[in-house]
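What follows is a set of notes on a single structure, which appears directly below.
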Amino acid sequence: MAENYDFKQVEEKIIKFWEKENVFKFNPNKKGQVYAIDTPPPTVSGKMHIGHAFSYSQQDFLARYHRMKGDNVFYPFGTDDNGLPTERLVEKTKNVHAKDMSREDFIKLCMEFLKEELPRFIHGWKRIGVSSDFDIYYSTINEHSRRISQWSFLDLHKKNRIYRKDAPAMWCPECQTGVSQVEIKDKEIESTFNTIIFKVGKENIKIATTRPEFLPACVAIFYHPDDKRFKSLKGKKAKVPLFDFEVPILEDKRADPEKGTGIVMCCTFGDQTDMEWQKAHNLPIKEAITPNGKMSELAGKYNGLNIKEAREKIIHDLKDAGLLTEQKKISHFVNVHERCGKEIEFIKSKQWFVKYLDLREDMLKWGAKLKWHPEFMKTRYDNWVKGLQWDWLISNQRYFGVPFPVWYCKKCGEAILAEEKQLPVNPLKDKPLKKCKCGNNEFIPEKDILNTWFTSSMSPQIAIKLMPDSIQKNLFPMALRPQAHEIITFWLFNTVFKSNIHFGKNPWENVMISGFVTLEGEKMSKSKGNVVEPSEVIDKYGADALRFWAAGSRLGEDLDYQEKDLVTGKRFITKLWNASNFVFMNLKDYNHKKPKKIEKIDELFLIKLNSLIKNCTEHFEEYEYSKAKSEAEKFFWSMFCDNYLEIVKKRIYENKENKESAQYVLYHSLFSILKLMAPLMPFITEEIYQLYFKNPKNSSNFGTQKTSGFLGNEKEKSIHISQWPSFEKEGKTDELDLFIEILSKVRQEKTKAQKSMKAEIILSIEKENMKKLKDILGDLKDVTNAKEIKEDSFKVEFV
RNA sequence: GGGCCUAUAGGCUAGUGGCAAACCACCUCGUUUACACCGAGGACUCGGCAGUUCGAUCCUGCCUAGGCCCACCA
């Protein structure tokens, strides 16, 4: 009698076994089509969360399926540990502030932190059974990644896609960094609408604003051309209160007569419209706010105050001067930096950009060439491309990241780029290889770092270039990019863009997009406090149960986390365990020889199994692992356990002469079912394989097999590199269907009569059914425990 | 404001132009050679309105609700 399945002990043991035996090691010389996966490198910003467990499980289903199907799976693993998220984690854990330290010390601290943190972090992915080759590993901050990222910069520059300009850039005063379009989000905040009096000659005009601190940067007043109320003001000048300078009053369609008082001030730069006006009317640029979030000299007596203080003071002074007529509390949406939640400001600053707005048509074509799974995710890409308004801002004024390979000549200011052969370069330490064109040999290093997406959008190259040159060409373009849908607009999009510019082709053929995990219908997030820790789930139910749950929703769909589903998964695992033990209890004298005759009922069962295999294979090909799961699950539970095992029990218990046929079919059908489940539940299937199926001569590293007498006969060292079951036998199974229908009716009768399922009966069935079932009547007799089967209308008599 | 997705039993999910399904929970019964983490059975359901159709849960349109992405935000 086998003991209970101890998932904790087994899963840890199997993780070590896979590692020791190099089961998932990529072998470039292996035959078979290469299937390269652009594994998402998780951001090192804390612990793994359940959304990770969910989406990495789903991509692993596909990786394991392709491996068993015979593809040569290239499945690297990386961590995204450059840039802000990691900085923030280090600041928090080590209780330091980057800006209080020397840059070098801070970077050193980050690297030390990563060294001790990463193994623990990565173990989370091993624990859920991700079958990456963890030796093909990259960190987006290591030398290798820096070299490739900087090369990308040089190459884009060569292709005239890089420029640096003085531009109103979105700026986070809190993080003191430029922020790209993708790093901002909306937040609803309470604010006050202040109605302020501007003088036009002797006339008063009222202008409403939530940002009175921008008054010193006011450059114009606008009203809508159709708005008759203000027509008389055209061409006149208004005097800015408190600051006493004059600005022109102009017409522009973007002024909304319905909003505020219908007339609006334009300040550079209060918001995006201000920037458009500035451009359209060629207005001067005034900077009221400095990069550290303080008022500039332009603000006169408010110079040096932070934004909020200045706002309060200015409101106070306006009140005193009688220039404030109304204050209304409102709540509105503003752009905030997604990392820190603080309001974004626009400031004039020198930033590096990648020029790509001119390529929107091409971008749509690139997106159309990808195979999207599920298909509807493509529209998100398209909508993003159509909505692009700015070029890609790639510089961040932070510390921990890939530096720009750039210096500036101290004399003429010319930007000097590093040469390819000196990469990776740290401009703070290294020097250009040549003098500046102007003959000067002194340089100012660029201190900015490249935005993390600039580096992670090179993930295919970063992974591939870990391999020897000779095989790199087989790996690109890759077969698959798996990822979550919220970063289609940045990671996916930027990778497609870069690949097409650098190499003239898409980086992969397929993309698979996971949904996310919800709790009671809401997205899980730290800020909402509704997170579930995957490590706790695994402790309680095991990784297989977690994966079983992750296989429960279709690709791209969100899935609600319900503990019940984990219970179901665990139950299924127990059932697999028990059924396998039972099968092998009855195979002690099995000799692996194919019996001379396969009994009819066994044959019919094999045909059923065959169509299951066919369906599951098709589902995996279509990324529909959830369909494969539910079909295999149902087949195993009801067709295999509840029906087939019951049917063959008596034949084996009573040692009938045709029992070899049953044994042969038991062995092979259970093996096939295990293989179908192996991509989804890699641990329990491996354990059963190792204990029963593998030839003990090959199992030196796993411990002894369980059953005495019976010897497994399979050669592969792991079920995960065994061959995916094939499907050959097709045919009709009408007799078996009828058989099961009758069996089920008999069971109903027994239940109705409140009898045991084992109660002995006399069964009567119709003549035509008797005829149809003539080859399998003996089995029907066995499974229903009928003393005899008579020809009559259906009837169950108890003896 | 634009877009995408979703709406099926008490809960979570399948699915189909013609009987609506699995699992959990619930109720009844059984259970001594794998499994009480079992087996047999029961009960309950297609968001609303219109259209196409012999027939719509499924196709079309509108509405409602929720989620997500984007834009706007003086």
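Proteins come first, then strands; the chains are lettered A, B, ... in the order of their sequence lines, and each starts at number 1. Only this structure's heavy atoms are used, side chains among them; waters, hydrogens and symmetry mates stay out.
Both distances falling under 3.5 Å, in either a Watson-Crick or a G-U wobble arrangement, occur for no nucleotide opposite B:C46. B:C38 is paired with B:G30 under the criterion used here, namely a Watson-Crick or G-U wobble arrangement in which both key atom distances are under 3.5 Å. As the counterpart of B:G1, B:C70 is assigned, both hydrogen-bonding distances of the Watson-Crick or G-U wobble pattern falling under 3.5 Å. Of the nucleotides present, B:G51 is the one that pairs with B:C59 by Watson-Crick or G-U wobble criteria, both distances under 3.5 Å. B:A14: no Watson-Crick or G-U partner with both key distances under 3.5 Å is found in any strand. Pair check for B:U64 finds B:A7; Watson-Crick or G-U wobble, both atom distances under 3.5 Å.
Between B:G41 and A:S744, a contact under 4.0 Å exists linking OP1 or OP2 to a side-chain N or O. At least one side-chain nitrogen or oxygen of A:K758 sits closer than 4.0 Å to the OP1 or OP2 atom of B:U33. Residue A:K386 places none of its side-chain N or O atoms closer than 4.0 Å to OP1 or OP2 of B:G2. OP1 or OP2 of B:A40 has not a single side-chain nitrogen or oxygen of A:Q748 nearer than 4.0 Å.
When each of A:V240, A:V247, A:I221 is checked for a side chain to side chain contact (heavy atoms under 4.5 Å, CB included) with A:M265, only A:I221 meets the rule.
Taking atom CH2 of residue A:W372 and atom C1' of nucleotide B:C4, one finds them 13 Å apart after rounding to whole Å. The nearest whole Å value for the distance from the OH atom in A:Y561 to the P atom in B:C24 is 17 Å. Rounded to whole angstrom, the span from the NZ atom of A:K750 across to the P atom of B:G42 amounts to 18 Å. Counting to the nearest Å, the P atom of B:U33 and the CD atom of A:E646 are 10 Å from each other. A straight line from CZ of A:R554 to P of B:A22 spans 19 Å, rounded to a whole angstrom. Distance, A:K745 NZ to B:G39 C1': 20 Å, rounded to whole Å. Rounded to whole Å, atom C1' of B:G1 lies 14 Å from atom CG of A:N383. Atoms CZ (A:F636) and P (B:A22) sit 19 Å apart, rounded to a whole Å.
As rounded to the nearest Å, B:A25 and B:A7 have P atoms that lie 25 Å from one another. The same atom, C1', is picked in B:G3 and in B:U45; the two are 32 Å apart, to the nearest Å. B:U31 and B:G41 have their C1' atoms separated by 14 Å, with the value rounded to a whole Å. Here the separation of B:G42 from B:G48, taken at their P atoms, is 27 Å to the nearest Å. For B:G17 and B:C59, the C1' atoms lie 8 Å apart once the distance is rounded to whole Å. For B:A56 and B:C37, the P atoms lie 47 Å apart once the distance is rounded to whole Å. Of the P atoms belonging to B:G61 and B:U52, the separation is 15 Å, rounded to the nearest Å. For the P atom pair drawn from B:A14 and B:C26, the interatomic distance equals 24 Å after rounding to whole Å.
A:D642 comes within contact range of the sugar-phosphate backbone alone, with a heavy-atom separation under 4.0 Å but no base atom that close. The residue A:K649 sits close to a base: some heavy atom pair falls under 4.0 Å. Across all strands, A:W637 comes closer than 4.0 Å only to sugar-phosphate atoms, never to a base (heavy-atom distances). Within the 4.0 angstrom heavy-atom criterion, no nucleotide atom of any strand lies near A:S630. Residue A:T261 is out of contact with every strand shown, counting any heavy-atom pair closer than 4.0 Å. Within 4.0 Å of A:F222, counting heavy atoms only, lies no atom of the nucleic acid at all. If you check every strand for non-hydrogen atoms under 4.0 Å, A:I488 touches nothing. Within the nucleic acid shown, A:C641 comes within 4.0 Å of at least one base atom, counting heavy atoms only.
Ranked by how close their nearest RNA chain B nucleotide is to the 5' end, A:F376 and A:E749 are led by A:F376. When the nearest nucleotides of RNA chain B are assigned to A:I263 and A:T574 by heavy-atom distance, the more 5′-ward of the two goes with A:T574.
Remark: the A:E563 side chain and the A:Y541 side chain contain an N/O donor-acceptor pair separated by less than 3.5 Å. Using modelled atom types and a 3.5 Å distance limit, the side chains of A:T495 and A:R481 yield a donor-acceptor pair. Side chain to side chain, A:Y692 and A:N581 meet the donor-acceptor criterion of an N or O pair below 3.5 Å. A side-chain donor-acceptor contact under 3.5 Å links A:K650 and A:N785.
The side chain of A:A579 lies closest to B:A34, out of B:U33, B:A34, B:A40. For A:F582, taking side-chain heavy atoms from C-beta onward, the closest of the listed nucleotides B:G41, B:C68, B:A34 is B:A34. Considering only the side chain of A:N578, B:A34 comes nearest among B:C70, B:A34, B:U32. You'll find that the side chain of A:R571 is closest to B:C24, out of B:U31, B:C24, B:A34. Counting only heavy atoms from C-beta on, A:R380 has its side chain closest to B:C4 among B:G15, B:C12, B:C4.
Remark: the A:K575 side chain and the B:C35 base include a donor-acceptor N/O pair separated by less than 3.5 Å.
The ring of A:Y653 lies on top of the base of B:U33, close enough and flat enough: under 5.5 Å between centres, under 30° between planes.
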Chi angles and distances behind the side chain to side chain contact (heavy atoms under 4.5 Å, CB included) call for A:T261, A:I205: CA-CA 9 Å; A:T261 57; A:I205 53 169; over 6 Å; no

Salt bridge (charged side-chain N to carboxylate O under 4.0 Å, His left out) evaluation trace for A:D382 with A:R360: CA-CA 10 Å; A:D382 290 346; A:R360 279 191 289 189; over 6 Å; no

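Aromatic pair A:F636/A:F572: centroids less than 6.0 angstrom apart.
Applying the 90° cutoff around 0 to the glycosidic angle, B:C19 is assigned syn.
Using a cutoff of 4.0 Å between basic side-chain nitrogens and carboxylate oxygens, A:E345 and A:R211 are scored as salt-bridged.
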